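Counting starts at 1 for both ligands and their atoms, in listed order. Heads up: numbering here begins at 1 and tracks the sequence. Everything numeric here is computed off the predicted structure, so don't read it as measured data.
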Amino acid sequence: MESAIAEHLKCPRTRHRRVEDDYTPPYPVWSARAPASVKRVVMGYFGVQSRGAEMQGRACATLMKIVRDFALPDGPGHHDLAHYVDADGYDNMIAIAYWSEAAAHERWCATPEIDAWWRSDDRLSEGLGHFREIASPRVEHFETMFNTPNRFEGVGVVMGEVSGELQEHGYWGSMRDRIPLSQTDAMAPSGTRAVIAGTPAPGQRVRVAGHENIAMIRSGQEWAETTGQERTLYLEDMEPVLREGMDFLRDEGLGIGCYSNRYMHHLDAAGAPLQKSFGLSFWRSLADMERWAESHPTHVAIFGSFMRYVQALNFQLQLRVYHEVSVLKADEQSYEYINCHARSGLMNGLATA
Ligand code: HEM
């Protein structure tokens with residue numbers, strides 16, 4: 001068993017972990033590791049927003065164009081496709097792309113054809129919304145956790161290496177203990193979100209600035225390989241509760257510090273749904289996220305079910321779960337929306353009208 005914090009990211013502590021050194025977690029989980037040469041990664045959410053069945057074809061074609069552009073020099077090392085319908089009834093398709101080197105992402109964005117496409121006025125007039133939500137955390141500012149050591153998701157795919165079994169998990173507060181920065185920093189938020197260009201409304205190009213220490217989570221589950229009792233338990237017992245929790249964050253999240261929540265389903269390269277989903281949310285602070293996870297009846301129930309399944313199935317789960325959590329400095333965030341409705345992503349709650 002080892003610490004979630006990689007050796008090269010350890011430093012003298014001014015803050016303590018929530019558990020004693022001899023704590024043993026109830027079941028195994030692993031973390032993705034990157035070589036020490038990796039300093040800063042990029043998690044890029046490239047979205048296409050549309051409304052109504054008649055626009056879906058155009059939206060898909062645009063998503064495919066974004067994916068084709070990933071193959072250009074300095075493109076991402078991994079990407080996923082996902083879809084959800086938001087509270088306003090819009091379809092949102094997102095290509096989520098990961099880079100293990102922030103400089104490569106910058107070069108890719110600056111590629112003339114990609115830059116020109118993004119800046120073109122055509123983006124305002126083709127009946128679609130577009131967004132880019134880019135998080136580029138330094139390695140001290142995020143953590144990952146997987147219940148399988150051999151198949152990673154998300155940023156884990158581009159990090160390339162795997163830890164041993166982790167000590168810091170299975171208790172509330174363990175997510176914080178896995179983030180290297182928690183050794184010395186409470187990661188408290190400061191400042192507020194601000195619209196720095198445009199006005200949150202359709203027909204606008206809007207840029208939103210994040211504040212210090214916005215927390216972001218992608219928490220995913222794959223049930224493709226579950227069978228029998230485990231599958232029934234996931235689909236009939238856990239998933240409806242998860243959906244309720246995700247709907248709560250989407251509809252009432254602002255009141256508890258959740259700026260945006262999307263409960264998304266994976267699509268394959270041809271646009272067909274996979275048996276994989278994830279919640280993606282942005283929060284005012286890690287503390288707000290922690291409070292929801294440990295107190296909201298939906299997540300408490302899911303957590304309890306998971307613990308019972310793990311034991312009942314003698315640690316042989318086919319359900320795969322993982323998450324990646326980042327605490328983002330202001331300079332590690334960039335949010336841009338073109339022709340999107342006012343409650344999209346980080347614009348949610350910022351419209352004055
Ligand atoms: C089927 C879906 C889910 C299951 C089975 C599940 C279960 C769990 C479990 C077992 C833990 C403790 C992990 C450990 O430390 O070993 C955990 C932690 C956590 N989960 Fe979930 N969860 C699910 C979905 C979600 C979603 C969608 C979100 C938010 C978008 C979320 C937010 C969190 C957070 C923030 C923690 C960390 C709490 C802390 O360490 O203080 N979970 N979850």
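No N or O atom of His323 sits closer than 3.5 Å to an N or O atom of ligand 1. For ligand 1, the polar-atom distance check finds no N/O of Glu290 at less than 3.5 Å from any of the ligand's N/O atoms.
Between Arg178 and ligand 1 there is a heavy-atom distance shorter than 4.0 Å. Heavy atoms of Met145 approach ligand 1 to within less than 4.0 angstrom. Residue contact annotation: Met246 has a non-hydrogen atom under 4.0 Å from ligand 1.
Ranking the protein heavy atoms by distance from atom 9 (C) of ligand 1 puts Phe303 CD1, 3.4 Å first. Ranking the protein heavy atoms by distance from atom 24 (C) of ligand 1 puts Ser219 OG, 3.5 Å first. For atom 14 (C) of ligand 1, the closest non-hydrogen atom on the protein side is Gly170 N, 3.0 Å. Looking from atom 3 (C) of ligand 1 to the surrounding protein, the closest heavy atom is Ile302 CG2, 3.4 Å. With respect to atom 38 (C) of ligand 1, the closest heavy atom belonging to the protein is Trp172 CE3, 3.7 Å. Distance from atom 2 (C) of ligand 1 to its nearest protein heavy atom, with residue and atom name: Gln221 NE2, 3.3 Å. Of all protein heavy atoms, the one closest to atom 40 (O) of ligand 1 is Met175 N, 2.9 Å. Distance from atom 34 (C) of ligand 1 to its nearest protein heavy atom, with residue and atom name: Ala293 CB, 3.6 Å.
Set against the non-hydrogen atoms of Tyr27, the atoms of ligand 1 under 4.0 Å away are 10 (C), 13 (C), 14 (C), 16 (O). Contact atoms of ligand 1 toward Gly173: 39 (C), 40 (O), 41 (O) (distance under 4.0 Å to a heavy atom of the residue). Near Trp292, meaning under 4.0 Å from one of its heavy atoms, ligand 1 places the atoms 28 (C), 29 (C), 31 (C), 32 (C). Per-residue contacts place Met289 under 4.0 angstrom from the following atoms of ligand 1 (heavy atoms of the residue considered): 35 (C). Per-residue contacts place Ser281 under 4.0 angstrom from the following atoms of ligand 1 (heavy atoms of the residue considered): 30 (C).
The ring of Trp108 has its center closer than 6.0 angstrom to the ring center of Phe70.
A salt bridge does not link Lys329 to Glu332: none of the charged nitrogens lies less than 4.0 Å from a carboxylate oxygen. Salt bridge annotation for Glu153-Arg320: present, with a cationic side-chain nitrogen under 4.0 angstrom from a carboxylate oxygen. Salt-bridge annotation for Arg123 and Glu126: present, with a side-chain N of the basic residue lying under 4.0 Å from a carboxylate O of the acidic one. Under the 4.0 Å criterion applied to side-chain N and carboxylate O atoms, Glu290 and Arg176 are assigned as salt-bridge partners. Using a 4.0 Å cut-off between charged nitrogen and carboxylate oxygen, Arg262 and Glu133 count as a salt-bridge pair. A salt bridge links Arg138 with Asp331: the closest approach of a Lys/Arg side-chain nitrogen to an acidic carboxylate oxygen falls below 4.0 angstrom. Salt-bridge formation is not detected for the pair Arg33/Glu161: no Lys NZ or Arg NE/NH1/NH2 atom is positioned less than 4.0 Å from an Asp or Glu carboxylate oxygen. A salt bridge links Arg119 and Asp115; the closest N-O separation between the charged side-chain nitrogens and carboxylate oxygens is under 4.0 Å. Checked for salt-bridge contact, Glu222 and Arg151 meet the test: a charged N lies under 4.0 Å from a carboxylate O.
Side-chain contact of Tyr309 with Gln311: a donor-acceptor pair under 3.5 Å is absent, judged by distance alone. Checked by atom type, the side-chain pair His83/Asp91 shows a donor-acceptor distance below 3.5 Å.
Of the candidates Tyr171, Phe278, Tyr322, Phe306, it is Phe306 that places a heavy atom closest to atom 10 (C) of ligand 1. Considering each of His299, Arg291, Met238, Arg243, the one bringing a non-hydrogen atom nearest atom 31 (C) of ligand 1 is His299.
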